[in-house]
Amino acid sequence: MKKTLLLAALAIAGVFTGCSDDNATTNNAQDTSLELVKTIKYIPTKEAYDNNVEGSKKNVQYFEGHKVVADTTFDISGNIAMRIAHTYATNTHISEIWVNESLWSKTTEIFDAESRIIESQNIFYASGTLNAGSSIKKYVYNTGSITQTPYDPDTNQPMTQYTQTIPVNSLGHIQYDGMIYQNDKLEQWDFVATEESSTVNFEYYGITMPANQLKTINELNNLFFISDDSRINITENNNYYLKRYVVTTTPTPSTSYITFENSFNDSGYITYSKAEGTIFENMRDSETFYYYE
């Protein structure tokens with residue numbers, strides 16, 4: 001409890017002090033002394049939520065063993081707007097999304113012995129009870145690629161016309177169109193569109209993430225497949241602390257930035273993050289506090 005209170009205080013102090021030495025790597029990368037137990041995220045900011053600004057939200061997540069076990073979003077009146085119930089079993093993760101206490105969707109993710117996702121099943125509901133649709137995807141791991149195939153939920157037969165083959169690089173990381181790595185660090189995406197194309201570069205803090213916060217290559221690849229926006233998920237939740245997106249467009253030249261003002265303790269654990277900007281039509285404006293024990 002004392003560690004939790006101390007880190008909460010450090011997080012609040014970080015709002016004012018920030019992390020000035022972006023190239024510092026003095027923390028112990030092998031540190032495993034702390035475990036993340038809770039995050040509180042305010043959208044767009046804590047001040048907005050505390051002042052009941054319309055559209056503001058507060059999300060609270062609890063963790064056990066590096067897994068989310070409770071996830072609740074509150075509206076400005078403090079009422080539960082959405083909650084996600086998580087259940088874990090051997091090689092299986094089930095999450096149920098409840099909106100205004102009505103079941104919205106249920107997702108079942110199945111993993112192999114190497115913690116690679118091999119199947120995802122989604123059931124969508126209407127009015128909390130009626131089945132409004134479902135989907136199934138299965139994943140096959142080949143040498144140099146991962147094959148993703150949707151299955152017909154009624155016949156459980158593959159819909160091969162929608163099969164995608166995603167290449168992986170020599171280290172095993174997903175190498176989707178336009179992804180550029182420096183060793184294991186994702187540094188760039190390229191997007192080619194009919195009218196406007198963009199290059200998105202990623203800049204990271206020079207703070208080494210503690211060993212017990214790192215993800216394996218298989219866990220990183222899972223991020224790509226299990227998210228509604230794989231680009232954001234794999235960039236903001238990898239083994240480096242994102243500092244900002246730099247987006248450059250052509251042929252109409254423009255440059256925009258999406259920034260993350262982070263604070264860390266002396267061991268390299270993140271204690272506070274303030275995000276500002278919109279990337280891939282997804283607003284990132286938020287303020288997050290991290291609590292450890």
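When a residue number appears, it is its place in the shown sequence, counting from 1. What's counted below: heavy atoms across the whole structure, side chains too, no hydrogens, waters or symmetry copies.
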Quiz item: Less than 6.0 Å separating the ring centroids of F264 and Y205?
Solution: yes
Quiz item: When rounded to the nearest 0.5 angstrom, what distance separates OG1 in T199 from CD in Q188?
Solution: 5.5 Å
Exercise. Flag yes if more than 12 heavy atoms outside K57 fall under 6.0 Å of its NZ atom; otherwise flag no.
Key: no
Practice problem: Report, as yes or no, whether the 6.0 Å neighbourhood of atom CD on Q161 holds more than 12 heavy atoms from other residues, nucleotides or ligands. | Solution: yes
Quiz item: Given E287, which of Y42, Y49, Y272 fulfils the side-chain hydrogen bond (donor to acceptor under 3.5 Å, both in side chains) condition?
Solution: Y272
Quiz item: Rounded to the nearest 0.5 Å, how far does CD of E219 lie from CG of N237?
Solution: 12.0 Å
Exercise. Establish, yes or no, whether a centroid distance under 6.0 Å links the rings of Y245 and Y257.
Key: no
Exercise. Please report the C-alpha distance between I146 and R116 in whole Å, then the side-chain angles of each, then the deciding distance to 0.1 Å, and finally whether the side chain to side chain contact (heavy atoms under 4.5 Å, CB included) criterion is met.
Key: CA-CA 11 Å; I146 303 170; R116 302 178 301 187; over 6 Å; no
Practice problem: Please report the C-alpha distance between E187 and K185 in whole Å, then the side-chain angles of each, then the deciding distance to 0.1 Å, and finally whether the salt bridge (charged side-chain N to carboxylate O under 4.0 Å, His left out) criterion is met. | Solution: CA-CA 6 Å; E187 292 198 331; K185 183 187 291 185; 5.0 Å; no
Quiz item: Name the one of Y151, F225, F224 that satisfies ring-ring contact (aromatic ring centres under 6.0 Å, His included) with Y139?
Solution: F225
Quiz item: Just how far is it from atom OH of Y62 to atom OG1 of T39, taken to the nearest 0.5 Å?
Solution: 9.5 Å
Practice problem: Could you tell me whether the side chain of E35 reaches within less than 4.5 Å of the side chain of E293, counting heavy atoms only? | Solution: no
Quiz item: For the ring pair Y204 and Y241, is the centre-to-centre distance below 6.0 Å?
Solution: no
Quiz prompt | Minimum heavy-atom distance between P150 and T163, given as atom pair plus value | solution = CD-N, 4.2 Å
Quiz item: What's the spacing between M209 CE and K215 NZ if we round to 0.5 Å?
Solution: 6.5 Å
Quiz item: Just checking, is any N or O donor in the side chain of T147 or N142 under 3.5 Å from an acceptor N or O on the other one?
Solution: yes
Quiz item: Counting only N and O atoms by type, is there a donor-acceptor contact under 3.5 Å from the side chain of N51 to the main-chain atoms of V53?
Solution: no
Quiz item: How far apart are the C-alpha atoms of R244 and E203, what are their side-chain angles, what is the distance that settles it, and do they pass the salt bridge (charged side-chain N to carboxylate O under 4.0 Å, His left out) test?
Solution: CA-CA 5 Å; R244 68 177 183 175; E203 297 178 1; 2.7 Å; yes
Quiz prompt | Separation of F74 CZ from I80 CD1 (nearest 0.5 Å) | solution = 5.0 Å
Quiz prompt | Minimum side-chain heavy-atom gap I110-Q121 below 4.5 Å | solution = yes
Self-check item: Closest contact, heavy atoms only, L220 versus N238
Solution: CD2-CA, 3.6 Å
Self-check item: S273 OG to N262 CG distance, which is reported to the nearest 0.5 Å
Solution: 4.0 Å
Quiz item: Does the distance from a Lys or Arg side-chain N to an Asp or Glu carboxylate O, for E101 and R83, drop under 4.0 Å?
Solution: yes
Quiz prompt | Side-chain donor-acceptor contact under 3.5 Å, S254 with T249 | solution = yes
Practice problem: Return yes when atom CD of E54 has more than 12 non-hydrogen atoms of other residues, nucleotides or ligands closer than 6.0 Å, and no otherwise. | Solution: no
Quiz item: Sub-3.5 Å donor-acceptor pair from the side chain of D71 to the main-chain atoms of I84, do we have one?
Solution: no
Practice problem: State, with a plain yes or no, whether a side-chain heavy atom of H93 is found less than 4.5 Å away from one of Y88. | Solution: yes
Self-check item: ILVMFWY clustering at 4.5 Å (side-chain atoms), partners of M159
Solution: Y162
